[in-house]
Amino acid sequence: MAERAYFDWNATAPLREEARDAMRDALGRTGNASSVHAEGRAVRRLMEEARSQVAKLAGAEAKNVTFTSGATEANMTALSAAITIGGRAAPRDRLFVSAIEHPSVRSGGRFAAEDIEALPVTSNGVVDLVALTKALERSESPLVSVMLANNETGVIQPIVQIAEIVHAASGVLHVDAVQGAGRIDCNVTTLGADFLSLSSHKLGGPQGAGALISRGDIHIAEPLIRGGGQERGQRAGTENVAAIAGFGAACAAAKKTDAERTTRLRDRLEAGIAIATPDAVIFGKPTPRLPNTTLFSVPGLKAETAIIAFDLNGIAVSSGSACSSGKVQASSVLMAMGVDPVLARGAVRASLGWSTSDAEIDQFLKTWKVLAGSLLKERRDIAA
Ligand code: PMP
């Protein structure tokens, strides 16, 4: 059987060798990171090294990194009205989230439904800054959550500008940086974010680990998970040290050069799609996008048909977000961008990563050509 080609990195990335090694080492140790004996201290050292590695990727201080079970929990923790700034209570009266956020943000965390407002995006999938500015007039102390880059389209949000608008309105900005981390700059300070969420498994660490990062003197006043005083009281529960060690190693291994390679391969992929199917629409193409993501649709081609055909030919792609696959509905991201629902239902996402090769792009385009051929034949038959 031919090798399989994996084009679903935005759903989850393969485990990096460095992460596997770090996890193997951590799994071989006995000790609770909270214990004072030598075994406990050795495990804590592993965890603190991982904390520094995660902090470095996010341009933060290690003490401002709180480990969680993943980005879903980090997002849920961050979306809380109870916030302290400089040690003082600074409660938030309203939550604003962009209409294209991951469901773990769109569901609004710990805010009541009536206190959550969705922010519109333009047809290119970028948060509408004029609408954002206007919306913030409806709040005295807003909390705003906008992602660094969208998981379906790869469109990068203008976080620096958004941070200026939010802070001018006495707001606090949370950024879900899950898809951007390790692919583009995700420095919490240069972005101007107050909080950042990261997920280990999108950058080559294991699933089930993540972090909520604060820029400094801003904190969540009420932990989501209460119990023991782990994570400086910010998140109770004995830490998953092996996963955390793998997460840290993956952050340290993330390289800028990966982005250059994936950009070239992604551009090759898109050029090949355009040749085989000139009427293919690539969503968000006119705007800055992640180097590894392409979301496209061809009139008349169903996403299910394409995904099954790709899978039978050894290629893993997805339709919109993996969390909603299995039921191919029009993606809420594309609907928010005002895309025609029929075209939106046909959207196929190919996402690449550091080990994607030219041979895999060839394999993808070969399958696409066959698919495009049968689609064009179908169209001719209908027209005849
Ligand atoms: N935010 C975004 C943008 C994502 O793509 C995902 C993963 N699909 C999450 C949050 C959730 O991350 P996790 O799987 O670590 O809970």
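Each ligand, and each atom within it, is numbered from 1 in the order the structure gives. All values below come from the heavy atoms of this structure, side chains included, with hydrogens, waters and symmetry mates left out.
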Review point. His201 near ligand 1, heavy-atom distance under 4.0 Å?
Key: yes

Point to revise | Proximal atoms of ligand 1 relative to Asn151 (non-hydrogen, under 4.0 Å) | key: 3 (C), 5 (O)

Review point. Any N or O on Lys202 sitting closer than 3.5 Å to an N or O of ligand 1?
Key: yes

Check your understanding: With the threshold set at 4.0 Å, does a side-chain nitrogen-carboxylate oxygen contact exist between Glu49 and Arg45?
Key -> no

Review point. Ligand 1 and Ala71, any nitrogen or oxygen pair closer than 3.5 angstrom?
Key: yes

Check your understanding: Heavy atoms only: which of Glu152, His102, Gln179 is nearest to atom 9 (C) of ligand 1?
Key -> His102

Review point. Is there side-chain contact between Glu73 and Leu224, with at least one heavy-atom pair below 4.5 Å?
Key: yes

Point to revise | Atoms of ligand 1, numbered as shown, that sit under 4.0 Å from any heavy atom of Met147 | key: 3 (C)

Review point. Checking salt bridge (charged side-chain N to carboxylate O under 4.0 Å, His left out) for the pair Asp267/Arg264: CA distance, chi angles, key distance, verdict?
Key: CA-CA 5 Å; Asp267 290 350; Arg264 183 183 67 75; over 6 Å; no

Exercise for review: Give the ring-plane orientation class for Trp368 versus Phe296, where under 30° counts as parallel, over 60° as perpendicular and anything between as tilted.
Suggested key: perpendicular

Review point. Between Arg94 and Glu140, is there a salt bridge with N-O shorter than 4.0 Å?
Key: no

Exercise for review: Salt-bridge test for Asp311 and Arg4: reply yes if a basic N is under 4.0 Å from a carboxylate O, no otherwise.
Suggested key: yes

Practice item. Answer yes when Asp8 and Arg349 have at least one side-chain N-carboxylate O distance shorter than 4.0 Å, and no when they do not. Key: yes

Revision key, fill the gap. Counting from 1 in the order shown, the ligand 1 atoms closer than 4.0 Å to a non-hydrogen atom of Gly70 are 15 (O)

Practice item. Output yes when Asp258 and Arg261 qualify as a salt bridge under the 4.0 Å nitrogen-oxygen rule, no when they do not. Key: no

Review point. So which bit of Glu73 gets within less than 4.0 Å of ligand 1, heavy atoms only: side chain, backbone, both or neither?
Key: neither

Practice item. May I ask you to identify, for Thr72, whether its side chain, its backbone, both or neither come under 4.0 Å of ligand 1 on a heavy-atom basis? Key: both

Review point. Taking distance alone, with no angle check, do Ser104 and ligand 1 share an N/O pair under 3.5 Å?
Key: no

Revision key, fill the gap. So the atoms of ligand 1 within less than 4.0 Å of a heavy atom of Ser199 turn out to be 12 (O), 13 (P), 15 (O)

